[in-house]
Asker: 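My questions all concern the structure below.
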There are 2 protein chains.
Amino acid sequence: MNAIENSPLTRKLSVFVALSDMELAVLDRLHQRRRTFVQGIDLVHQGQSDQAAYVLAEGWVCSYKIQRDGSRQIVDFQIPGDFLGLRSVLLHTSDHSIVPIVEIEAAEILVSDLLDAFAHTPRLATAILWAASRDEAMVVEHLVGLGQRDAEARVAHFFLELAARLALVGLGSKAGFECPLTQYHLADSLGLSAVHVNRVLRRLREEGLVTFRDGRVSFENYDGLVTLAEFDPEYLNHTGPLLS
Amino acid sequence: MNAIENSPLTRKLSVFVALSDMELAVLDRLHQRRRTFVQGIDLVHQGQSDQAAYVLAEGWVCSYKIQRDGSRQIVDFQIPGDFLGLRSVLLHTSDHSIVPIVEIEAAEILVSDLLDAFAHTPRLATAILWAASRDEAMVVEHLVGLGQRDAEARVAHFFLELAARLALVGLGSKAGFECPLTQYHLADSLGLSAVHVNRVLRRLREEGLVTFRDGRVSFENYDGLVTLAEFDPEYLNHTGPLLS
DNA sequence: CGAAACTTTGAAGCTCATCAACAGAAGTGG
DNA sequence: CCACTTCTGTTGATGAGCTTCAAAGTTTCG
């Protein structure tokens with residue numbers, strides 16, 4: 001058992017596909033070209049083309065779109081084990097920006113390596129396709145939240161989804177998780193003002209459901225939150241794709 | 001020049017990739033198994049597995065998710081030339097439902113045919129990948145609208161996007177388009193109440209921007225609408241993907 | 001140590017949802 | 001065929017939820 005088996009990506013994929021030694025080795029190779037990026041400087045910029053792709057090894061980033069009026073909509077957050085800019089590479093262009101929220105570590109992925117990996121280890125390709133489609137399902141669920149849920153349910157749902165994702169890579173549980181986000185991040189992601197996010201957080205805290213403080217989310221009443229948010233994790237745990 | 005070259009899918013793909021006779025023939029073959037579906041009965045149902053995939057030939061459908069409280073969020077509308085349930089097939093499960101808005105005609109796609117087509121005509125695979133990624137970009141833009149735009153801009157943006165998509169398959173222009181949707185469809189898609197949609201439509205009409213009446217959207221002031229919605233069609237027209 | 005970033009709270013007001021009622025169109029059954 | 005319901009569109013009244021503006025407190029950091 002080598003260290004790489006504990007990389008977040010490997011942990012995540014292993015939950016859904018049992019990976020052989022050879023497949024683990026290929027994943028290992030994808031993790032070679034390790035790089036560090038500082039917080040706050042765009043990794044990929046809206047409209048830019050021919051970017052590299054990465055696997056996030058440590059830290060958090062977010063994908064967002066800026067409107068002409070200056071407002072920002074965060075589409076998605078990425079946590080360790082997630083791919084960054086995979087679509088941008090395949091499509092030679094990106095319609096959104098990606099920025100590190102804290103200093104991050106990421107492994108650069110060469111398209112050629114990726115295509116090689118796909119060709120030689122179809123089960124790995126399957127697993128990665130699964131992960132990509134899960135990301136898409138999360139975007140859809142996010143959209144549903146913006147359209148249908150009120151502020152309190154949105155915040156609750158957001159925390160629950162993050163907790164489930166983080167648990168998969170060993171970074172969280174039903175007790176809580178470390179969370180480097182600011183209330184502005186929540187606001188821009190949930191389509192609320194930062195002021196209102198603050199009030200909602202206070203209410204959730206006073207109701208004894210969840211506390212977001214000092215960079216940590218602590219669930220005080222997990223089941224109560226699930227009820228409030230109508231959180232159904234099915235979309236995160238869908239069964240495997242083609243060939244599996 | 002045969003009739004198939006005028007199928008909506010062919011028209012759409014041709015705009016972005018010049019297709020050879022052979023590729024046109026393969027597309028032709030995909031259109032063989034024509035079927036009709038009545039309005040209002042789910043084609044794919046949330047949670048259902050192992051569905052077929054289709055190419056929509058005529059009519060409109062929508063993809064939606066139902067919440068436990070009964071509210072409905074429409075994620076996306078599909079128009080002629082769009083794929084239906086492609087992801088459901090690849091993933092063996094669907095996290096959303098698909099329902100025809102009017103009686104539709106669709107060609108059933110066999111997964112084996114599709115994979116064959118991909119293997120033998122890579123440029124076609126490229127074009128289809130492009131179309132799929134464009135669909136994803138539309139979902140993201142929809143999300144941005146729900147998070148950042150007010151009701152008037154949402155409605156305006158919605159009409160403009162639809163017009164652009166329909167124009168690509170010859171069903172609309174900057175003058176307007178036939179539109180079988182009800183105000184409830186708009187409401188469920190845009191995260192508004194039907195009552196408020198009605199008021200917004202009235203305002204847009206009174207401002208001389210756009211009229212939605214008797215199943216038709218008529219642009220009275222296209223450029224004014226573009227300004228109001230901050231509509232930037234770039235996400236619809238991104239350049240081609242890998243290999244192109 | 002001062003500046004910048006983030007959090008917190010109050011007050012005022014606007015956008016939008018909800019409730020209610022009605023009118024017209026379209027479909028349905030006796 | 002006409003009465004019936006059902007679906008869709010329209011408008012008014014009321015108020016909840018959220019935004020905006022403002023200001024002050026707290027933490028972080030160069």
Side-chain angles (χ1 to χ4, degrees), chain A residues 38-41 60 62 67 69-74 99-103 145-156 158 179-207 210-218 228, chain B residues 38-41 60 62 67 69-74 99-103 145-156 158 179-207 210-218 228:
Chain A
V38 298
Q39 177 226 98
I41 296 182
W60 294 38
C62 71
Q67 305 294 101
D69 66 6
S71 68
R72 170 176 79 158
Q73 176 64 48
I74 293 180
V99 67
I101 288 165
V102 293
E103 178 166 298
L146 290 178
Q148 303 298 135
R149 289 192 263 270
D150 67 15
E152 209 171 347
R154 265 184 241 176
V155 172
F158 178 77
C179 177
L181 305 178
T182 68
Q183 297 183 0
Y184 286 92
H185 286 119
L186 298 196
D188 286 349
S189 168
L190 301 176
L192 302 167
S193 68
V195 172
H196 198 59
V197 166
N198 183 279
R199 290 190 223 281
V200 169
L201 288 175
R202 171 159 55 134
R203 198 136 41 99
L204 290 173
R205 196 185 327 125
E206 288 170 356
E207 289 167 336
V210 61
T211 301
F212 178 34
R213 179 158 289 189
D214 300 328
R216 181 168 179 86
V217 172
S218 309
L228 172 64
Chain B
V38 299
Q39 176 228 98
I41 296 184
W60 294 39
C62 71
Q67 304 296 100
D69 67 6
S71 69
R72 172 174 79 156
Q73 176 63 48
I74 293 179
V99 68
I101 288 165
V102 293
E103 178 167 298
L146 290 177
Q148 303 297 135
R149 289 193 264 270
D150 67 14
E152 210 171 346
R154 267 184 239 178
V155 173
F158 178 78
C179 177
L181 304 179
T182 68
Q183 296 182 1
Y184 287 92
H185 286 119
L186 298 197
D188 287 348
S189 168
L190 302 175
L192 302 168
S193 69
V195 172
H196 197 60
V197 166
N198 183 281
R199 291 190 221 281
V200 169
L201 288 175
R202 171 161 53 136
R203 198 138 38 105
L204 290 173
R205 195 186 326 125
E206 287 171 355
E207 290 168 337
V210 62
T211 300
F212 178 34
R213 180 159 288 192
D214 299 329
R216 179 167 180 87
V217 172
S218 308
L228 172 63

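Values below: all heavy atoms of this structure, side chains included; hydrogens, waters and symmetry mates excluded. Every chain is numbered from 1 and lettered A, B, ... according to where its sequence line falls, protein lines coming before strand lines.
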Asker: Under 4.5 Å between any side-chain heavy atoms of B:Val217 and B:Val210, yes or no?
Answerer: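 Yes; the side chains approach each other to less than 4.5 Å.
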
Asker: Could you tell me the separation between the CG atom of A:Asp214 and the P atom of D:dT26, rounded to a whole number of Å?
Answerer: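 Interatomic distance, CG of A:Asp214 to P of D:dT26: 14 Å.
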
Asker: Is the backbone N or O of B:Ser189 less than 3.5 Å from a side-chain atom of B:Gln73, with the two atoms forming a donor-acceptor pair by type?
Answerer: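 Checked: pair present.
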
Asker: Would you jot down, in residue-number order, the residues of residues 180-192 of chain A having a non-hydrogen atom under 4.0 Å from DNA chain D?
Answerer: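 Residues of residues 180-192 of chain A that come under 4.0 Å of DNA chain D are, in numerical order, A:Gly191, A:Leu192.
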
Asker: Give the rounded distance in Å between these two atoms: NE2 of B:His196 and P of D:dT11.
Answerer: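 Distance check: B:His196 NE2 to D:dT11 P gives 14 Å.
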
Asker: Between P on D:dT10 and CG on B:Asn198, what's the gap in Å once rounded to a whole number?
Answerer: 5 Å

Asker: Let me know the distance between CZ of A:Arg149 and P of D:dG17, rounded to the nearest Å.
Answerer: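 So the two atoms are 18 Å apart, to the nearest Å.
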
Asker: Could you tabulate the donor-acceptor pairs under 3.5 Å formed by side-chain atoms of residues 195-206 of chain B, not counting sequence neighbours?
Answerer:
unit_1: B:Asn198; atom_1: ND2; unit_2: B:Gln183; atom_2: OE1; d: 3.0
unit_1: B:Arg203; atom_1: NH1; unit_2: B:Glu152; atom_2: OE1; d: 2.8

Asker: At under 4.0 Å, does any side-chain N or O of B:Arg213 touch on OP1 or OP2 of D:dT10?
Answerer: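 Yes, within the criterion.
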
Asker: Starting at atom CZ of B:Phe212, determine the distance to atom P of D:dT10, rounded to an integer number of angstrom.
Answerer: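 Taking CZ of B:Phe212 and P of D:dT10, I get 9 Å after rounding.
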
Asker: To the nearest 0.5 Å, what is the distance between OG (A:Ser193) and CG (A:Leu186)?
Answerer: 11.5 Å

Asker: Check the distance between D:dT27's C1' and A:Arg216's CZ and give it to me in whole angstrom.
Answerer: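 Taking atom C1' of D:dT27 as the reference, CZ of A:Arg216 is at 20 Å.
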
Asker: Extract, from 5' to 3' on DNA chain C, the first and final nucleotides lying under 4.0 angstrom from some heavy atom of chain B.
Answerer: C:dC16 to C:dC19

Asker: With nearest nucleotides of DNA chain C determined for A:Arg205 and B:Arg199 from heavy-atom distances, which residue corresponds to the more 5′ nucleotide?
Answerer: A:Arg205

Asker: Does B:Arg154 use its side chain to pair, donor to acceptor, with the backbone of B:Arg149 at less than 3.5 Å?
Answerer: yes

Asker: Looking for any heavy atom pair under 4.0 Å, which part of the strands does A:Ala151 touch: base, sugar-phosphate only, or nothing?
Answerer: sugar-phosphate

Asker: Quick one: label A:Arg154 by what it contacts on the DNA or RNA (base, sugar-phosphate, nothing), any heavy atom closer than 4.0 Å.
Answerer: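 If one applies the 4.0 Å heavy-atom cut-off, A:Arg154 turns out to touch nothing in the nucleic acid.
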
